[in-house]
2 protein chains.
Amino acid sequence: MEKLEDILKNVLKGNDIRITRQREEILKILYEAERPVTAKKVYSILRKKLPYIRLSTIYRNLNLLEEKDILRKVELNMDNRESSFEFFRGEHHHHLVCISCQEIIPLECPLAEYEKRLQKETNYTIIDHKIKVYGICPECRK
Amino acid sequence: MEKLEDILKNVLKGNDIRITRQREEILKILYEAERPVTAKKVYSILRKKLPYIRLSTIYRNLNLLEEKDILRKVELNMDNRESSFEFFRGEHHHHLVCISCQEIIPLECPLAEYEKRLQKETNYTIIDHKIKVYGICPECRK
DNA sequence: CTGCCTGCAAATAGTTTGCAAGTTA
DNA sequence: TAACTTGCAAACTATTTGCAGGCAG
């Protein structure tokens, strides 16, 4: 019956990352969101608790956590300016994004077989792929 | 037996776009590339012919041509900062990018069926999707 | 107490915008 | 000649970086 705070502390410790208040809070926001979140969004949430925090701190930590494979970076906007980050729970997946309200639905990957075929056909060593699907959610369609 | 210049002029006229030297040259570069090209790349090529051209002119025209569905905008870098544009020849397709030399191979879309299924499962109205596959080309693997 | 981390300010990269002068139809 | 386009400079947005003081281990 561990507290979330302790679980996340252990995630940090287990990756040789020093524990700071900022890191704990950033990671917690990502963990609880269960969806990709932008740096700016993290900033706006966190500023209420830690008024002196800066965007640079957010970015430094999001990048650090991504390097350690604790987070994944994804680009979801149609006009790819802003990145989002999501807590990485170990499974390769993709996203369906509502272009009206930005709601995000995770999708299982439909390309496992395709990748193998592609590797044969092109003779490339396939490393990774990304899929983004855009649509309008039932709520916004009304 | 039409000249390329005339073909491209007609593309512009047909879309109610005024013909300027800059537009003709930009479109020609995109047409002849047969692969996505960045604004910066267009700029560096075109500066040799039109030394006074500015990046802003390139961007304005790439965006205009995209709005008219003459070009498609795609984001191919793993770290999505820079956009590329490609001449749109009418077929929906995707890209396999070599993460070492940036060579690009167009891919047929493998998701036609999947999209329909997804629409039923999620009740979203599916609008579009993007796939990028990353790999290492045979040449770079050596 | 040593090195990593943060706040802060400034830089960077890609892209966009306002404006006056030049060009197209 | 009216409307649109361009060169030019400056602005803008997301993100990164250098530095000095502060905090974690």
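Quick note on labels: first sequence line is chain A, next is B, and so on, each numbered from 1.
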[X] [atom1] to [N] [atom2]: how many Å, rounded?
X       : N      : atom1 : atom2 : answer
A:Asp16 : C:dC5  : CG    : P     : 11 Å
A:Asn61 : C:dC4  : CG    : P     : 15 Å
B:Ile58 : D:dT5  : CD1   : P     : 15 Å
B:Glu24 : C:dT23 : CD    : P     : 15 Å
A:Leu55 : D:dA14 : CG    : P     : 9 Å
B:Leu64 : C:dT16 : CG    : P     : 13 Å
B:Leu62 : C:dT15 : CG    : P     : 9 Å

Legend entry - Residue closer to the 5' end of DNA chain C, B:Ile17 versus B:Glu82 (nearest nucleotide): B:Glu82

Inset, instruction - Could you check B:Phe85 against A:Ile53 and say which one's nearest nucleotide on DNA chain C is further toward the 5' end? - result: A:Ile53

Legend entry - Exercise: identify the closest heavy-atom pair between B:Leu76 and B:Tyr134: O-CE2, 3.4 Å

Inset, instruction - Identify whether any heavy atom of A:Tyr59 sits under 4.0 Å from a base atom; if not, whether one sits that close to sugar-phosphate; answer base, sugar-phosphate or nothing. - result: base

With a 4.0 Å cutoff (strictly under), does any side-chain N or O of [X] reach OP1 or OP2 of [N]?
X       : N      : answer
A:Asn77 : D:dA14 : no
B:Arg60 : D:dT5  : no
A:Asn63 : D:dT16 : yes
A:Thr57 : C:dG7  : yes
A:Ser83 : D:dT15 : yes

Inset, instruction - Could you point out which residue of B:Arg18, B:Lys49, B:Lys9 forms a salt bridge (Lys or Arg N to Asp or Glu O under 4.0 Å) with B:Glu24? - result: B:Lys9

Inset, instruction - With rounding to the nearest 0.5 Å, note down the distance linking NZ in B:Lys73 to CG in B:Asn63. - result: 5.5 Å

Inset, instruction - Check A:His93, A:Arg72, A:Arg35 against A:Glu86 for a side chain to side chain donor-acceptor pair (under 3.5 Å) and give me the one that passes. - result: A:His93

With distance as the sole criterion, do the side chain of [X] and the base of [N] form a donor-acceptor contact below 3.5 Å?
X       : N     : answer
B:Arg21 : D:dG7 : no
B:Thr20 : D:dC4 : no
A:Ser56 : C:dC8 : yes

Candidates [options] - which lies nearest the side chain of [X]:
X       : options               : value
A:Arg54 : C:dG7, D:dT15, C:dA25 : C:dG7
A:Arg18 : C:dC5, C:dT17, D:dT15 : C:dC5
B:Lys40 : C:dG7, D:dA24, C:dG14 : C:dG14
B:Arg81 : C:dC8, C:dT15, C:dG14 : C:dG14
B:Gln22 : C:dT6, D:dT15, D:dT6  : D:dT6

Inset, instruction - For residues B:Ile53 and B:Glu25, determine if any side-chain heavy atom of one lies less than 4.5 Å from a side-chain heavy atom of the other. - result: no

Legend entry - Heavy atoms from other residues, nucleotides or ligands near NZ of A:Lys41 exceed 12 (cutoff 6.0 Å): no

